[in-house]
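Please read the structure below before turning to the comments.
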Amino acid sequence: MSETNNQTAAGSAGTTPPILEVRDYSLTYGGPEQGVKVLDDINLTIRRGETLGLVGESGSGKSSLAWAIMRYLPALATESDGAILLSGENLRSKSQYQMLDIRGRRIAMVFQDPSMSLNPTLRLGEQLSEVLIRHRGLSLQQAWKEGEAALARTGITRPAEMMKRYPHEASGGEKQRVVIATALACSPELIIFDEPTTALDVITARQILQLFETLREETDVSALYISHDLGLVSRIAPRVAVIHRGVIVEQGQCAEVFRDPREAYTRRLLAALPRPDRWLGVDQPATGAAPLLETQALNVRYGGPSLLDRITGSAKQAVDGAIDVALGVRPGELLGVVGESGSGKSTVAKVLSGLQDFRGTVRFDGRGFVRRRDFDRRYRRAVQVIFQHPDSSLNPRQTIGQILSRPLKLYGLVPAAQRPAKVAELLEKVLLPADYARRYPHQLSGGEKQRVAIARAFAAQPRLVICDEITSSLDVSVQASIARLMVGLQAETGTACIFITHDLNLVRQLAHRIAVMQHGRLVDLFDTPDAEAPERHPYTRALLEAVTPPPVVAEAPVDDLEGTGP
Amino acid sequence: MTLSYLIRRLGAVLLVLVIVTFAVFAVTMILPGNAAVMILGEYGSPDQVAALERQLGLDRPWYTQYFAWVAGMLQGDLGTSLRLGMPVSKVVGDALWNSAVLAVTALVGVTIIAIPLGILAAVRRGTASDLGIGVLAYVGTAMPEFVTATVLLVLLAGPATGLFPAGGYVAPWESMSGYWAHVALPAITLGLVMTAHISRQVRSEMSDVLSSDYIRAARLKGLHERRVIRRHALPNSMAPAVAVISLDVGYLLGGIIVVEEIFAWPGLGRTLIYALENRDLPVIQAVTLVLAMVYALTNLISDIVIALLDPRVRYD
């Protein structure tokens, strides 16, 4: 560990003083005996004006490190010796009262989801100016004025108006700009970014990253940038530390780490990154075949002004979830559907799974459906859905065996006596041990739960599977294995698939054709190899440009990626 | 707050009241024996009854009777009590005033005590004070008010202490202190259960809010805990508390009937029981209607308060 430390110190900005130094720091939750060690012998240094990327998957301890630096730890946390130094001062010797003056003034934080980290009942201006009042002793008027200036620096076009708004009246990007302006308000020495773009759309995320880069140059602030996304970190941080199960397994210049990863874990992470140039999907099915499923002039409208709203002149508008969407999926094909949140991609999925009223026609296997209630049992069996969050789509009170038996029983596919054997077969298909049938969902990891959800969908022997963001809530290394599993099942069964995602890099590895949606409309539809062709819709091009290209790795390791772990 | 929101809430309240007038009217129509039978007693001959029915207009079709009744109410004429021989508006008006004093005293006391208790329990979660408040709240919720009332009577109005009168009423213009001494015990009885209930509710709302991301964000901005609680946590936990309090008014209206009977307090509850025992139909109708109106208006007020506390509600 000291070796990597020396190397990085030599490799970075030379004699500039360190702003943050973490030395030999360990953290345990629970007692020192039987507790869980979340951070083990952490060493890292961030110098003035420098950004260190901290990359790890969920549960790796990366957020615990942020809380430790902020000295905001739960009561059951036990710390070992070791030091956390801010400009040479040991934060561990500070009392909680002293830390009040440091938080927000010398170290600030930007959180993952601005809609969660902003108070819904306070105006954005108050949430920004209260920091200035607290730490710089400004009056309310001064702070408000200063706040407007701070918002202007983060690229908010009408700051005075934004100050008066409540969080629900601003977009995700605007809210995150307010959070960033708040973090920078007192010119802190260090800002901790905890996945600041994960909850945002690709294009908004790209804008926030650009803002981060601009502000870093303007202010010379040091930053600890926590993320699960290696590609993103390689873009904005010259140095990176990879954390795995509480241990920093590798630390160094981004370029070196990515070119020549020394640790198996780093290699695994890099290999799991979706890269559009590496094809994972099944062979292109015959293009001449008649479409299995087709939508014609599909329209969905949410809400709208009531009679009373119209009388009182209320400005409530109907929202179009889908406008004239015409899509087709061929047998055995994987159709990718991409777009930002609110683009209508999930609306289409809801219509096709019979959960949403619509206007227009859905044609499936030669039959036409014009109303939601037309979808009969035969259709529902043939079209299965896999949802984003396996936690909420699997019944927590049923065993995996019961969950997988359900479609077998519902559609009368397998007689009762043979169901256990069929369940075991299904589990085997999704690479899970047969004895998982007796377990409950909470005893499984996120990736394993998603495998169960996939097995349930395939239990009905469907003709078409709709995957609604099935990899979005999973870690990168698990995402890749889930994607491979889907493709493997598709190759085996010949099932067609609609794969809805916001991850363009991933979908380009899997899909034969890609549909792009924006504001409820289908704006582009193309064969995947033509993704970068010049005739693409401007919005498709914007989406592609916003995606961080994965870092270049010398050779592509092809070891198995099934390390989902228990 | 948008005008549309306000109009929608008002419309809902009006609709509820119209439905309630129908229900009240229907119930009194279904009850055996009408006003004529009541007045004449069991010895009235069928002819006498028929004559009186004609006189009172009871032989008209039900909808004519209903609209006459509603029209009278809108002009403040609730009819005449069959037993007391006084205008119903006078009987119910006095009772309403007495009950309102009791209910408002209980409600104000509860709000002053229960909300801070709940906040304290949430802020000191897991400590002895949290546990203590929790145990008291469970005991309070578990005891029906006739038990609470009896315990209070034995402890505070029994011969041993004699701090408060055991029941009855003294007009405020005769003795102000006597009046409030009579209010105290019934108000405390009513308030205890609500205190328990509301403090639990506030505690759970406040705990949720305190574990939210935006409270953590506020703390990590270096704000003092005082500001975090008062400015960031309180407004967010108060809106649900207000909703619970307004729902508890429904409970309060039920409780008041029992409590007034125990303490012989001449309020709406006692009047209702008296009217029911004596089949005094106009009084039964008026009291039921007043109780429904109070409940509907309380909910309207709470909707408005919630909209003021939480900006998101105003645009729904």
Side-chain angles (χ1 to χ4, degrees), chain A residues 66-67 69-72 75 96-123 126-128 130-135 165-169 179 182-183 185-186 188 192 194 303 305-316, chain B residues 1-15 123-127 130 205-206 208-242 305-316:
Chain A
W67 305 135
I69 294 167
M70 291 305 267
R71 312 303 305 140
Y72 189 77
Q96 280 298 315
Y97 191 76
Q98 288 170 314
M99 279 311 295
L100 280 186
D101 284 338
I102 293 174
R103 291 185 197 130
R105 188 170 67 94
R106 296 183 58 193
I107 316 177
M109 237 181 129
V110 175
F111 305 90
Q112 178 170 355
D113 189 348
S115 59
M116 303 290 282
S117 64
L118 287 169
N119 191 329
T121 58
L122 293 184
R123 290 179 197 280
E126 177 166 357
Q127 305 195 45
L128 168 51
E130 67 182 353
V131 184
L132 294 159
I133 297 171
R134 165 73 180 88
H135 292 298
R165 290 202 196 164
Y166 288 98
H168 69 275
E169 297 168 314
V179 174
T182 311
C186 298
I192 301 174
D194 191 0
S306 63
L307 181 67
L308 191 65
D309 286 324
R310 262 175 267 155
I311 293 168
T312 57
S314 179
K316 204 162 168 185
Chain B
M1 189 170 332
T2 58
L3 187 61
S4 155
Y5 176 78
L6 204 62
I7 292 176
R8 230 179 2 247
R9 299 311 312 156
L10 263 174
V13 166
L14 282 179
L15 185 68
V123 173
R124 304 246 169 102
R125 209 164 139 188
T127 65
D130 178 24
E205 287 301 335
M206 191 74 180
D208 278 359
V209 170
L210 285 178
S211 58
S212 69
D213 283 6
Y214 57 83
I215 292 299
R216 189 176 63 192
R219 285 182 173 147
L220 291 178
K221 287 199 269 190
L223 300 179
H224 287 293
E225 192 63 13
R226 207 174 42 242
R227 183 172 167 88
V228 172
I229 300 286
R230 285 196 192 156
R231 195 74 189 111
H232 284 263
L234 265 185
N236 283 292
S237 58
M238 275 309 100
V242 170
V305 172
I306 289 168
L308 290 175
L309 283 170
D310 189 339
R312 286 168 299 180
V313 175
R314 294 169 215 172
Y315 300 91
D316 281 357

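Just so we're on the same page: letters track the sequence lines, and every chain starts at 1.
Taking A:Gly104, A:Ala185, A:Pro167 one by one and counting their heavy-atom pairs under 4.5 Å with chain B, the maximum is reached by A:Gly104. For chain A, the option among B:Leu220, B:Asn236, B:Ile215 with the highest count of heavy-atom pairs below 4.5 Å is B:Leu220. Note on A:His135, A:Glu130, A:Gln112, A:Met70: by heavy-atom pairs under 4.5 Å with chain B, the leading option is A:Glu130. Options A:Leu122, A:Val131, A:Val179 differ in how many heavy-atom pairs under 4.5 Å they form with chain B, and the most are formed by A:Leu122. Between chain B and the options A:Met109, A:Gln127, A:Met99, the largest number of non-hydrogen pairs under 4.5 Å is found for A:Gln127.
Residue B:Arg125 places its CZ atom among 12 or fewer non-hydrogen atoms of other residues, nucleotides or ligands, all under 6.0 Å distant. Applying the 6.0 Å contact sphere to CZ of B:Arg9 captures no more than 12 heavy atoms from other residues, nucleotides or ligands.
Annotation: the span from A:Ile133 atom CD1 to B:Arg227 atom CZ amounts to 6.5 Å, rounded to 0.5 Å. Note: A:Tyr72 OH to B:Arg219 CZ = 4.5 Å, rounded to the nearest 0.5 Å.
Residue contact with chain A, scored on non-hydrogen atoms closer than 4.5 Å, involves the backbone and the side chain of B:Arg231 alike. Using a 4.5 Å cut-off between heavy atoms, A:Asn119 contacts chain B through both its backbone and its side chain.
The side-chain heavy atoms of B:Asp213 and A:Phe111, taken from C-beta on, include no pair separated by under 4.5 Å.
Closest non-hydrogen pair, B:Leu223 versus A:Leu100, comes out as O-CD2, 3.6 Å. In this structure, A:Ser117 and B:Ala217 approach most closely via the heavy-atom pair O-CB, 3.5 Å.
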